[in-house]
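Before any comments, here is the structure.
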Amino acid sequence: MTRLLQALVAGLGNGSVYALLALGFVIIYKSTSVVNFAQPALMVAGATAVIYLGQAGLPFPAAVAGAMALAALLGLTVERTALRPMIGKPVFVIAIITIGVDIVIRVVVNRLLGTNLRAIANPWGLESFDVGGVFVQQRYLAMIVTLAVVVTLLFAFFRYSRIGLALRATALDQETALTQGISVGVTFALSWAIAGALAALAGTFVGTGQSIDQQTWIIALKALPAIIIGGLDSVGGAVIGGLVVGVIEALVGTYQPTYAPWLGNNFQLVSPYVVLLLVLLVRPYGLFGTPEVERV
Amino acid sequence: MLAIENLEVVYNDVILVLRGVSLSVPEGKIVALLGANGAGKTTLLRAISGLLDIHDGEVTKGTVTLDGQQLQRLSAPRIVERGITQVLEGRRVFAEFSVEENLRVGAHRNGRNLGAGLERVYDLFPILADRRKRTAGYLSGGEQQMLAMGRGLMSDPAYLLLDEPSLGLAPRLVRQIRDLIVAINGQGTTVLLVEQNATMALGIAEHGYVMETGKVVMDAPAATLRADTDVQEFYLGLRGEEGRSFRDVKHYKRRKRWLS
Ligand SMILES: Nc1ncnc2c1ncn2[C@@H]1O[C@H](COP(=O)(O)OP(=O)(O)O)[C@@H](O)[C@H]1O
Ligand SMILES: [Mg+2]
């Protein structure tokens with residue numbers, strides 16, 4: 001029982017990180033129809049910014065806020081320079097361009113990181129709460145709470161704010177959005193900015209449990225099964241998909257070595273993809289996706 | 001005054017669709033623009049509203065001016081800011097949004113007057129007030145047309161461009177839309193009304209234009225057009241046999257008559 005609860009909390013915590021990345025991905029996809037493979041680079045760029053701002057003496061919250069702003073700016077710049085001129089090109093071509101952008105950003109960030117392992121100074125470390133005999137790491141709770149806050153804010157933003165409504169309107173019908181006076185370019189840039197900020201937040205949390213190095217970007221790839229499980233165009237699906245991936249990984253990591261050792265070592269790394277395949281068999285467009293969504 | 005002079009529009013760099021169109025919409029009036037499918041009416045509206053870009057179209061000659069100032073280089077949002085709003089053909093409501101959300105999107109550039117705008121629209125279209133929380137996709141065709149027009153009014157435009165508002169509506173609803181256009185115009189909004197339903201459009205407009213394959217072939221006060229035998233035959237259905245519409249009439253025949 002203790003093991004189960006601990007696995008669940010860790011899974012939900014890590015899953016929250018995947019969900020933040022998946023959210024950025026879905027927001028960009030919905031408003032611009034771009035499949036953004038540069039999310040990993042935005043994540044490590046954000047994490048690196050937190051490290052540098054922390055070293056510059058900023059307290060943790062300020063460093064995170066600063067990194068989110070920088071990553072937002074980076075996302076915005078990428079959209080304006082690399083993606084905007086490509087509007088109207090095939091989805092596939094644009095997806096390849098985002099892979100190029102991902103590589104370019106990571107090369108620059110790797111120079112900043114160097115070959116050392118870098119830690120993000122953060123308030124939680126590996127401290128735990130004792131909840132009725134179950135030790136729960138504080139950082140996992142911080143991730144879960146942060147995700148809840150982010151989802152609430154995003155929900156309110158998209159539902160009630162003028163700009164949020166404009167983003168959704170553009171996602172539904174660009175020409176009609178234009179006739180309402182909405183600047184479609186601005187909404188594109190804004191979606192990238194939001195995705196950048198969310199990626200930086202995800203990167204920060206990744207850096208609380210392990211050091212940030214040149215391989216950290218690989219973690220962001222777990223957002224892919226998350227969005228495919230949830231559906232490319234569903235914000236709620238991104239959240240649930242992220243959490244599902246985190247929990248499956250944690251449960252498999254906890255129980256598989258005991259109960260199914262024949263599946264081999266590190267099976268938890270593959271497990272999200274197994275679930276992904278099962279989901280696709282039943283619902284090819286993801287749990288919450290729209291059937292006509294194109295896949296790349 | 002909104003004025004279009006000698007306008008030429010090309011799609012995809014090769015397809016010449018407007019061939020020197022001139023037309024003017026004086027402030028406070030209702031002007032009707034008639035023409036068969038494919039004549040170029042929608043293209044003309046796109047040229048005014050800054051929507052050619054996303055259709056790979058381009059103004060290659062001529063001007064669009066509002067009170068003497070050129071508009072044809074401005075982006076769609078800038079044109080809305082100048083007080084010209086187009087209601088697209090086919091209603092195009094945001095189907096997933098509620099009625100009120102649709103109207104709020106319409107007020108994107110006019111957020112400060114959101115309350116007054118909603119009040120005006122709900123006053124003009126009481127049915128929308130009843131349905132304000134309803135998902136727009138579930139409204140009837142007539143209600144969706146009213147929503148599209150109401151949404152267009154939320155930016156408080158001086159000029160409202162309506163693209164075939166009566167399309168696909170039953171006669172009773174067409175009359176209702178007609179009366180609403182008159183009411184909107186009565187509140188001071190100038191209307192450029194693109195229609196295939198000439199009876200309706202010429203019934204309320206002061207002036208009318210008829211387009212044929214990218215050219216204006218008639219330009220006259222609405223009363224003159226109503227009395228014109230060609231317009232009667234091909235648009236008002238007064239002389240043709242029952243059920244015969246202008247669409248069935250060979251194109252060259254019409255053109256010959258108008259040009260002769
Ligand atoms: N995006 C486009 N690309 C190429 N040709 C177009 C495009 N839009 C319209 N056309 C062509 O331009 C002509 C005029 O179309 P349109 O302006 O929609 O006419 P109307 O509104 O009077 O029916 C038609 O022949 C149509 O096929
Ligand atoms: Mg048309």
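This one's a predicted model, so the numbers in the text were calculated from it and none came from an experiment. To find a chain, count down the sequence lines: A is the first, B the second, and so on, and within it residues start at 1.
- The residue among E96(B), Q86(B), R151(B), H55(B) with the most heavy atom pairs within less than 4.5 Å of chain A is R151(B).
- Contacts with chain A were tallied for R109(B), H108(B), M154(B); H108(B) has the most, counting heavy-atom pairs under 4.5 Å.
- The only member of I144(A), I248(A), L12(A), N14(A) that meets side-chain contact (heavy atoms from CB on, under 4.5 Å) when paired with L243(A) is L12(A).
- Counted by atom type alone, E8(B) and T60(B) present one or more donor-acceptor pairs between their side chains at under 3.5 Å.
- Within 6.0 Å of CZ in F157(A) there are more than 12 heavy atoms belonging to other residues, nucleotides or ligands.
- Cation-pi check for R84(A) over F188(A) is not met; the charged atom does not lie both under 6.0 angstrom from the ring centroid and within 45 degrees of its normal.
- Defined by atom type and a distance below 3.5 Å, a donor-acceptor pair is present between the side-chain atoms of T42(B) and E89(B).
- Contact of E81(B) with chain A is not made at all, since no heavy-atom distance falls under 4.5 Å.
- For the options R159(A), Q174(A), R162(A), heavy-atom pairs under 4.5 Å to chain B are most numerous at R162(A).
- At a 4.5 Å heavy-atom cutoff, R78(B) makes no contact with chain A through either its backbone or its side chain.
- Neither the backbone nor the side chain of R91(B) comes within contact range of chain A; no heavy atom of the residue lies under 4.5 Å from a heavy atom of that chain.
- With I177(B) as the partner, the side-chain contact (heavy atoms from CB on, under 4.5 Å) test is satisfied by one option alone out of V174(B), I181(B), D179(B): I181(B).
- With a threshold of 4.5 angstrom between heavy atoms, L172(A) approaches chain B through side-chain atoms but not through N, CA, C or O.
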